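The next block holds one structure in the form of structure tokens; read it before the comments.
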Amino acid sequence: MSASFTSLSRFARIAILVPLFGLLVSGCGINTIPTYEEQAKAKWSDVLNQYQRRADLIPNLVETVKGFAQQERTVLEAVTDARARATSVQVNAGTITDPEAFKKFQEAQAQLSGALGRLLAVSENYPDLKSNQNFLALQSQLEGTENRIAVARRDYIEAVRLYNTELRTLPGVIWASTLYRSNKPMQEFTVSEDAKRLPQVKF
Amino acid sequence: MLRRAIFVAAAWICLVGACAAQTLSFPALTGRVVDEAAVLDAAERAALTEALADLEKKTTDQLVVVTLKSLQGTSIEDYGYQLGRRWQIGQKDKNNGALLIVAPTERKVRIEVGYGLEGTLTDAIGKYIIETSILPRFKAGDFPGGIKRGVEDLIQVLSGDAEEWQRRAAQSISPNITQPDDVPLWLVIVIVLLGVGFLIFCATAGGANCQALLQALLLILLSESRSSHGRSSRSGGGFGGGGGTFGGGGSSGSW
């Protein structure tokens with residue numbers, strides 16, 4: 001620095017440099033990693049909410065179908081079992097950074113999706129069931145929930161993409177390797193699971 | 001010279017931002033009725049617009065009718081929530097927006113419901129309106145009739161009973177007086193003061209280091225203003241989205 005700068009009083013130098021440093025550092029994304037992390041976590045709880053919502057709908061749906069199609073016991077049991085398995089998977093904030101736990105969660109939910117798809121497919125064979133108001137209402141709620149799950153998953157994937165990219169690219173990688181060393185990349189849903197959505201039921 | 005180059009390079013790295021790629025294109029929000037597929041005449045559009053404006057006055061709920069030429073190869077569910085988010089239908093603090101989307105080409109209709117209305121306008125109610133009021137008329141080729149009847153039903157559901165209106169009306173404070181997304185005034189003042197201080201400092205002390213710092217500061221300022229321009233500006237048509245967002249709630253039908 002030039003001689004005139006050093007001749008400035010200590011206070012004046014601090015007064016100029018501290019705000020500038022703050023500005024430079026925040027401009028360089030020191031806050032970006034925690035911000036993206038919180039966003040991704042919020043999106044993750046959205047995903048969990050919507051899966052929970054689906055799980056809550058299932059007992060009612062199973063009961064309604066049972067009333068009309070008792071002979072479809074295997075399909076009904078498969079749904080009940082898959083729901084029990086999906087809800088028994090322990091999920092917490094650590095799940096998204098743990099590939100094993102995440103895979104387990106994803107597989108359980110995919111199994112439930114498959115079982116539900118079969119249940120809705122066989123219900124096509126029962127005209128009385130198909131025209132039952134309760135069933136129609138539950139079915140539309142289930143369709144809506146599947147769509148919400150799809151949206152929540154997409155939002156989560158996007159948030160995680162931002163976060164993971166920030167961890168691996170400049171300037172984020174500097175902060176990741178110094179200040180935020182405990183931050184791990186988060187898991188994404190794989191695309192193939194997205195394709196396992198419920199078959200659209202036509203009226 | 002080298003140090004100066006490093007400074008400028010560092011500032012440029014800070015500037016680099018990922019531009020969100022938009023794969024779908026959306027029609028402009030020209031009013032409460034956006035008739036891209038041209039299935040309504042002027043009188044029908046005006047009547048619908050009035051009814052929808054009435055609804056917003058009573059409940060602050062924003063309901064928008066949109067007919068689309070094409071879904072651009074995606075599903076109506078996928079298009080619907082993205083359109084709702086793009087237009088920001090619904091008040092920002094309540095997310096109380098809803099869309100009635102008609103895609104005559106693909107023979108699809110959807111009621112897209114914002115987060116805040118999911119409890120009032122449930123998927124089952126939406127499905128019921130689609131199946132009983134809209135689809136029978138669409139099947140007969142009567143688009144204006146189906147849309148009109150669907151909107152009437154939706155307005156009834158959203159209006160609820162008189163008490164409900166009163167309660168909601170009492171809650172609604174004139175929306176969007178403050179825009180929390182804007183850069184706060186004090187920050188602008190601090191930045192301007194810093195800039196002026198540096199100008200004075202540079203004029204008296206001079207030197208290449210000082211100039212490089214100034215340039216870095218300028219670049220940061222540029223990046224700040226660039227990011228704040230990212231928000232969509234409201235068109236002059238008198239109607240705009242209130243900042244609401246959507247999470248895929250609602251129901252669809254086809255004919």
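Just so it is clear, the structure is predicted and the values come from calculations on it, not from any experiment. No hydrogens, no waters, no symmetry mates; every other heavy atom, side chains included, goes into these values. Throughout, a chain's letter reflects where its sequence line sits, starting with A, and its residues are numbered from 1.
- Counting heavy-atom pairs under 4.5 Å between each of B:Val113, B:Ile125, B:Asp78 and chain A puts B:Asp78 at the top.
- Residues A:Arg154 and B:Gln82 are in side-chain contact: their nearest non-hydrogen atoms beyond the backbone lie under 4.5 Å apart.
- If you tally non-hydrogen atom pairs under 4.5 Å between each of B:Gly250, B:Ser251, B:Gly253, B:Gly247 and chain A, the highest count goes to B:Gly247.
- The shortest heavy-atom contact between A:Thr145 and B:Asp123 is N-OD2, 4.1 Å.
- Heavy atoms of A:Ala152 lying under 4.5 Å from chain B are absent altogether.
- Shown here are the ring-ring contact (aromatic ring centres under 6.0 Å, His included) partners of B:Tyr128, two or more places apart in sequence or in another chain: there are none.
- For A:Gln141 against B:Ala124, the heavy-atom pair with the smallest separation is NE2-CB, 4.3 Å.
- Interatomic distance, CZ of A:Arg148 versus OH of B:Tyr115, reported as 9.5 Å (0.5 Å rounding).
- The environment of A:Gln90 atom CD is sparse: at most 12 non-hydrogen atoms of other residues, nucleotides or ligands sit within 6.0 angstrom.
- Atom CD in B:Glu77 sits 11.5 Å away from atom CD in A:Glu146 (nearest 0.5 Å).
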